[in-house]
Protein chains: 2
Amino acid sequence: MASIKDVAAEAGVSVATVSRVLNDHPSVSDDARKRVLAAVEALGYRPNAVARSLRTDQTRTLGLVISDVMNPYFTELARSVEEEARALGYSVIIGNADERPDLQDHHVTTLLDRRIDGLLVSPTDGGSPRMLEAARGGTPMVFVDRWIPGLDVPVIRADGQAAVRDLVAHLHGLGHRRFAIIAGPAATTTGSERVEAFRAALAEYGLPLPDAYTGQGDFQAESGRRVTEGFLDLPEPPEVVFAADNLMALGALDAVRARGLRVPHDLALAAFDDIPWFVHTDPPVTAIAQPTGELGRAAVRALVDRIEGRPPQSVTFAARLVVRRSCGESPVTNRSQT
Amino acid sequence: MASIKDVAAEAGVSVATVSRVLNDHPSVSDDARKRVLAAVEALGYRPNAVARSLRTDQTRTLGLVISDVMNPYFTELARSVEEEARALGYSVIIGNADERPDLQDHHVTTLLDRRIDGLLVSPTDGGSPRMLEAARGGTPMVFVDRWIPGLDVPVIRADGQAAVRDLVAHLHGLGHRRFAIIAGPAATTTGSERVEAFRAALAEYGLPLPDAYTGQGDFQAESGRRVTEGFLDLPEPPEVVFAADNLMALGALDAVRARGLRVPHDLALAAFDDIPWFVHTDPPVTAIAQPTGELGRAAVRALVDRIEGRPPQSVTFAARLVVRRSCGESPVTNRSQT
DNA sequence: CACGTCGATGTAATCGATTCCAAGCCCTCA
DNA sequence: TGAGGGCTTGGAATCGATTACATCGACGTG
């Protein structure tokens, strides 16, 4: 592969001039510029980004460490992150942590070794050592979706409190009184926050959230299935199950179906994180939707601000309730039927 | 960030010795090794991968350019690719082409600029210029899923012919006679191959595949919806629609539902590419499943073989039919009901 | 006419590693 | 005792870029 030296030789100038042309530095004569460009064309020369990065100490690359690529929510997040990054002239390297702290650490380490300019993280747990180190060590960093308290790192997230309140109102209006939740890992902020929001919203109606109705999941479908089976085995099963993410909702749907029961007739179901597929499930699932694309774009902007020396800002978007049929007929339909 | 020089100074040795310890070169005294390791520990030193790459001319990074990250099939492919690559000591950078040749070219270009060691591609179209150039220029390269004929590049793919034949047999057994297909872009191999396999399988039953029943899609949900509406508007609509990918099947489902019709009662539906969600749709969708994980792993192995100087091999896996309920009751159930 | 200025260019240092080559040291064997 | 050989080790070149600094003409001005 041709190097800058080859181009310089071909054009009959020094490497400095070639470099100047390539970085359109002002003081280059038209003649030299023309000859360099012709040489570049003739040799099919492309600058070596590795060498450039070594010299300039910047890679124009962002690292994105997410908890689970197979989760459509994160896939969409990754996609919007890549788009915005590309628009700003950055590439992104995605690391999939699969909800495993050790993998998260592995990715943070290799990304740092590659000297990425900044790191976008949706932490799997309370924070793996390498990540905390990086955060404290001054690596430009931004948290998306989930975060770790006590660190001076901007957070871009969606607040689901209002939407959860809307959801509970919706469910209450439908006549449901026994509510259960499939929680995410307590170590993640989204894991604990969603339970709290749910509990608080229930409290407004004087409804409890008993321990027996609080199942511990891990954001994966299988755990949703397992927890739901536990609920169904109870002497008095809940009337509603609220899954703290989309995959666990899917598991819950499986569990209900496996018993020959039906949603929402035998058990109502709602989920946090809306995804295109929820429209097509049987029944379509009522969910709380985050503005995922906005989240990804805002996160990249914050990170790039930080990298380029501008003060980055934390941003919180609002999530909203999307009512479908998995919790029962909507009140309106209900009323018209009565 | 500490460099190898700092470590050398701290350990009281030369940078050459530090490098030797780090790459466990045999001729280093135990004493020196110990001092270097201690210095590394004390300074929290991590080698600069950028500098190393410049010197060794290898990045231990693979590029993966796929057509659409949001498609669960490709997400799963990407995941298995990353896993296998990690196991072999490589990282992977994913480029999402969004079925756009220009974006595909953009990613190929930046990946090449970064001097990745090899490229895994599922080409969007007949081949964008940069990609062809790279293929011919000797960049280690492997095609996954889709490929471009006439290039000396190994191909890792799944053959759906037998499965399509099984599908047609299944449909024929169910009594269907009017078959339609939503094809993918003709420029992609999977786009044209699947139509051909379908047509050939139908021919075995003396059944035609009229032009009116051959819709042109682009592997995206929206096109599936549009084409299906066209089918439904026909004086004599088909009895079965076979979508050449999962997203278009989803669009078809939408179209049918939007008219207040039902699958499979009013129109049977089958898809190429199985995904977890098809179990949960209403009704569950009959699909042809590829061994996606195998594909991804085999592709990485082939690419790494090529990179490390071993002869790479093309591999073809078999896809298989997964019968669910979107084409009607299965013959067995049928018989028992009769 | 001499001097300062400015634009265009080249030389060389530098980034952080790897690795070839030479040198130093110790040991063994003739 | 001296030559040769095996370990260790350090010096320095190198990878492909960027960029500070020096140089060299040409030009304008007093």
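Just so we're clear, the structure is a prediction, and the values are computed from it rather than from any experiment. Note: hydrogens, waters and symmetry copies are ignored here, and every other heavy atom, side chains too, is used. Convention: sequence-line order gives letters A, B, ...; per-chain numbering from 1.
Here S19(A) lies in heavy-atom contact (under 4.0 Å) with a base. Using a 4.0 Å heavy-atom distance criterion, N23(A) is classed as a sugar-phosphate-only contact. The residue V18(B) sits apart from the nucleic acid: no heavy atom pair falls under 4.0 Å. Contacts of T56(B) with the nucleic acid, taken as non-hydrogen atoms under 4.0 Å apart, involve only primed sugar atoms and P, OP1 or OP2. Nucleic acid contact class of A32(A) (heavy atoms, under 4.0 Å, all strands): sugar-phosphate only. Counting any heavy atom pair closer than 4.0 Å across all strands shown, T17(A) reaches sugar-phosphate atoms only and no base atom. Among the atoms of the strands shown, none is found under 4.0 Å from any heavy atom of V50(B).
Protein atom CG of L54(B) is 17 Å distant from nucleotide atom P of dT14(C), rounded to whole Å. Residue R46(A) contributes atom CZ, which lies 15 Å from atom C1' of dG16(D) at whole-angstrom precision. Following rounding to the nearest Å, N48(B) (CG) and dT14(C) (P) show an atom-to-atom distance of 18 Å. Atoms CG (L22(B)) and C1' (dT19(C)) sit 14 Å apart, rounded to a whole Å. Put simply, CG on D24(B) is 14 Å from C1' on dT18(C), counting in whole angstrom units. What separates CD1 of I4(A) from P of dT18(D) is a distance of 5 Å, to the nearest Å. Atom CZ of R114(A) and atom C1' of dG16(C) are 16 Å apart (whole Å). Look at NE2 on H25(A): it is 10 Å from P on dT19(D), rounded to the nearest Å.
In the set dG11(D), dA17(C), dG16(D), the nucleotide with an atom closest to the side chain of S3(A) is dG16(D). The nucleotide whose nearest atom lies closest to any side-chain atom of K5(B) is, among dC15(D), dC15(C), dT8(D), dC15(C). The side chain of R55(B) lies closest to dA17(C) when the candidates are dG10(C), dA17(D), dA17(C). In the set dA8(C), dT18(C), dT8(D), dA8(C) carries the atom at the smallest distance from any side-chain atom of S27(A).
F143(A) is listed as a side-chain neighbour of P123(A), based on a closest heavy-atom distance under 4.5 Å. A 4.5 Å side-chain heavy-atom check between R86(A) and L103(B) finds at least one atom pair inside the cut-off.
Side-chain to base pairing of R20(A) with dG10(C): one donor and one acceptor N or O lie within less than 3.5 Å of each other. No hydrogens or angles were tested; on distance alone, nothing pairs the side chain of R52(A) with the base of dT18(D) as donor and acceptor under 3.5 Å.
The heavy-atom pair separating R60(A) from D117(A) by the smallest distance is N-OD2, 2.6 Å. Between L151(A) and R136(A), the shortest heavy-atom distance links the atoms CD2-NH1, 3.7 Å.
Nearest-nucleotide positions on DNA chain D for S14(B) and D57(B) put S14(B) closer to the 5' end.
Within 6.0 Å of atom CD in Q313(B), 12 or fewer heavy atoms from other residues, nucleotides or ligands are found, so the atom counts as exposed in its surroundings. Applying the 6.0 Å contact sphere to CG of D102(A) captures more than 12 heavy atoms from other residues, nucleotides or ligands.
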